[in-house]
Protein chains: 2
Amino acid sequence: MAVSERGPRERMVFSAAQLIRRDGVASTGMREVAAQARAPRGSLQHYFPGGKEQLVNEAVGWAGRYAGNRVARFLAALPEPTPGGLFSEMVRQWTDEYGATGFAGGCPVAAATVDCAESSASTREAVAAAFAAWTGPVAGALVDMGVPRERAGALATLMISALEGAILVARAERDVRALTTVARELGPLLDAAVRQDG
Amino acid sequence: MAVSERGPRERMVFSAAQLIRRDGVASTGMREVAAQARAPRGSLQHYFPGGKEQLVNEAVGWAGRYAGNRVARFLAALPEPTPGGLFSEMVRQWTDEYGATGFAGGCPVAAATVDCAESSASTREAVAAAFAAWTGPVAGALVDMGVPRERAGALATLMISALEGAILVARAERDVRALTTVARELGPLLDAAVRQDG
DNA sequence: GCTCGACTATGACAGCGGTCATAGTAGTCG
DNA sequence: CGACTACTATGACCGCTGTCATAGTCGAGC
C-alpha cells in the first residue's frame, strides 16, 4: 500500500488499479481514485485528458507490466527453477495476500475484462495487452527451464487461466482452497513438460 | 435468447443474468433489465422487493443451477464419458457461443464476483453457492467415471477455475485460443485420474 | 356490482457519476 | 518585472441510477 511513491500521476494509476481490483471498474469513481492517491482532483483532467477510460487503461497496463515483472523475481527466489515451482510462487502471492489482508481484491485485469470487454474497445485492447505482457515472460521462463517452445505458450496460458479462475473462486468462497488446489494439481503436469533429454 | 419463456418474473431474472454477464453488475440498470425482459418496470419492486441486490442474487443462483444442470446433459451427449470429454464439452459450449455470436458475454457468476465480492455480502454468498452448485455435479460425474472420491473435488475445482480463467482471456483476446488450449492441455491429466483397476 | 388481491403504470426524488469551465497558484525563463 | 507553462482548486452541469409513492387496471370470488 505504499501510495507515497513517485509523482501524483503514478500514484493515481496505482490507486486506480487498487480500487478497480476491489470494486470493479464501474463502481470505482474518479474522485475516489484521486482521494486515495492523495492527489488533487483537478489533476485528473490534467494528467488524463482522455478521462476515465484512459486512467483505467493505464491502470490495466500497469498491472500487466507488474505481473510480467514478477515472473523474473519468482524465478530468482526459486533454488531450482521448475515450471511447477514457478506456478506455486504465482499462486502463493495470492494465498499470502488473502491470508494476510483478506479477500478484498482480485486481479484488476480480470475486473476490467468483465466490466469493459464489451463496452470499451480501447480497454479491451489494454486488457489483451496486459495478458500478453504477463503470458510472454511466463512462456519465456518455461522455455528457459527446458519446456519445448511449441508447448510453452500453451502451458503459460493454462497457468494464467487456472490462476485467474482460482482467484475468482477463492474470493467467492473466501477460502484459498481453490488456489492451493490448482497449484497442487497442475504442478506435476507442468514439471512433466520439461524436456528430459539433455 | 428465448426471453418469452414462463412468467415475467423468470424473464427478468434471466435477462438480468444476460445483461450482467455482458456489462457487469454495476453497469446493468434495473430499467434495462425490465426492458429486455419486456416486463413492466413496476413489476421490479413487486417481484423483487429486496431491490437490485435480490435480483442480482437470483440471477447468480439461476446461473449456478443452469451450469450444474448442463453437466448431466454433457454426459448424455458423450458416447463414452471421460473426464477429459466432459471438460471438452464444457469448453465447447463457450467456443460455440463465441464462434456464433461473438465475444459479448462472459460468465455472470464471474461478473458478480468481481463486482460484488467486496461490496455485498449476500451476493458474495450467492456466488459461492453458485460455484458450489456447479462444482458438485462435476465432481459427482468424475466419481461416476471412476475418479477416486478424494480427488474428484479437486479436479472439479481445477476444471472450473481453468474454464473461468480461459473465458476471461478469450474475451480479452477475442479469440477462443485460450479455451481450446486449456481443453487440450487438461484433457490427458483429467483422463489419467480415472482409476485403472476395473 | 363490489371488493380484494395481484400486478401494472408513471412520476418524482435524491444521490452520485464523469466531465467541463473557470480561476487560481507556483515556479521558471527571458 | 512580465510572461508562460505546469499544475491545482472548485463549482456547476447533466445524465443516469435505484428507490419510493401513488394511482391505475384487471380478474376472481361471492
Side-chain angles (χ1 to χ4, degrees), chain A residues 3-20 22-60 108 111-112 114-116 118-123 126, chain B residues 3-20 22-60 108 111-112 114-116 118-123 126:
Chain A
V3 185
S4 54
E5 50 188 36
R6 297 299 169 82
R9 194 182 195 285
E10 285 191 34
R11 288 208 309 274
M12 284 191 276
V13 172
F14 179 81
S15 292
Q18 292 253 115
L19 292 171
I20 286 169
R22 194 187 63 186
D23 300 321
V25 172
S27 303
T28 296
M30 301 282 274
R31 291 164 172 85
E32 197 184 355
V33 171
Q36 149 137 5
R38 271 188 284 293
R41 195 170 66 106
S43 297
L44 280 169
Q45 74 180 283
H46 185 255
Y47 290 113
F48 307 96
K52 186 177 189 177
E53 195 166 333
Q54 180 185 359
L55 176 59
V56 170
N57 293 357
E58 295 205 21
V60 167
V114 162
D115 271 8
C116 306
E118 192 59 14
S119 60
S120 159
S122 73
T123 302
Chain B
V3 184
S4 54
E5 51 187 39
R6 296 301 169 83
R9 193 182 197 285
E10 284 189 34
R11 289 208 309 274
M12 283 191 277
V13 172
F14 180 80
S15 292
Q18 292 254 115
L19 292 171
I20 287 170
R22 193 187 65 187
D23 300 322
V25 171
S27 303
T28 296
M30 300 281 275
R31 290 165 173 82
E32 197 183 355
V33 171
Q36 149 137 5
R38 271 190 284 292
R41 197 172 63 113
S43 298
L44 280 170
Q45 74 179 287
H46 185 256
Y47 290 115
F48 308 97
K52 186 177 189 177
E53 195 167 331
Q54 180 186 357
L55 176 59
V56 170
N57 294 356
E58 295 204 21
V60 167
V114 162
D115 271 8
C116 305
E118 193 59 14
S119 60
S120 158
S122 73
T123 302

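Remember, predicted model here, so these are calculated numbers, not experimental data. Chain naming here is simple, since letters A, B, ... match the order of the sequence lines and numbering starts at 1 in each.
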Verify, without hydrogens or angle tests, whether A:D115 (side chain) and A:A26 (backbone) share a donor-acceptor contact under 3.5 angstrom. yes
List for me each residue that meets side-chain contact (heavy atoms from CB on, under 4.5 Å) alongside [X], sequence neighbours excluded, and say none if there are none.
{"X": "A:A112", "value": "A:V25, A:V60, A:T123, A:V127"}
{"X": "A:A34", "value": "A:L44"}
{"X": "A:S122", "value": "A:E53, A:N57, A:S120"}
{"X": "B:S43", "value": "B:M12, B:P40, B:Y47"}

Heavy-atom contacts, protein to nucleotides 11-19 of chain C, under 4.0 Å, summarised as B (base), S (sugar-phosphate only) or - (none) per nt, yield BB-----BB
What integer distance in Å separates A:H46:NE2 from C:dA26:C1'? 13 Å
From the 5' end of DNA chain D to its 3' end, which nucleotides mark the outer limits of contact with chain A, defined by a 4.0 Å heavy-atom distance cut-off (strictly under)? D:dA6 to D:dA12
Residues that A:E118 engages under salt bridge (Lys or Arg N to Asp or Glu O under 4.0 Å), provided they are two or more places apart: none
Sequence neighbours excluded, the answer for salt bridge (Lys or Arg N to Asp or Glu O under 4.0 Å) partners of B:R9 is B:E58
Who are the side chain to side chain donor-acceptor pair (under 3.5 Å) partners of A:R41, not counting sequence neighbours? none
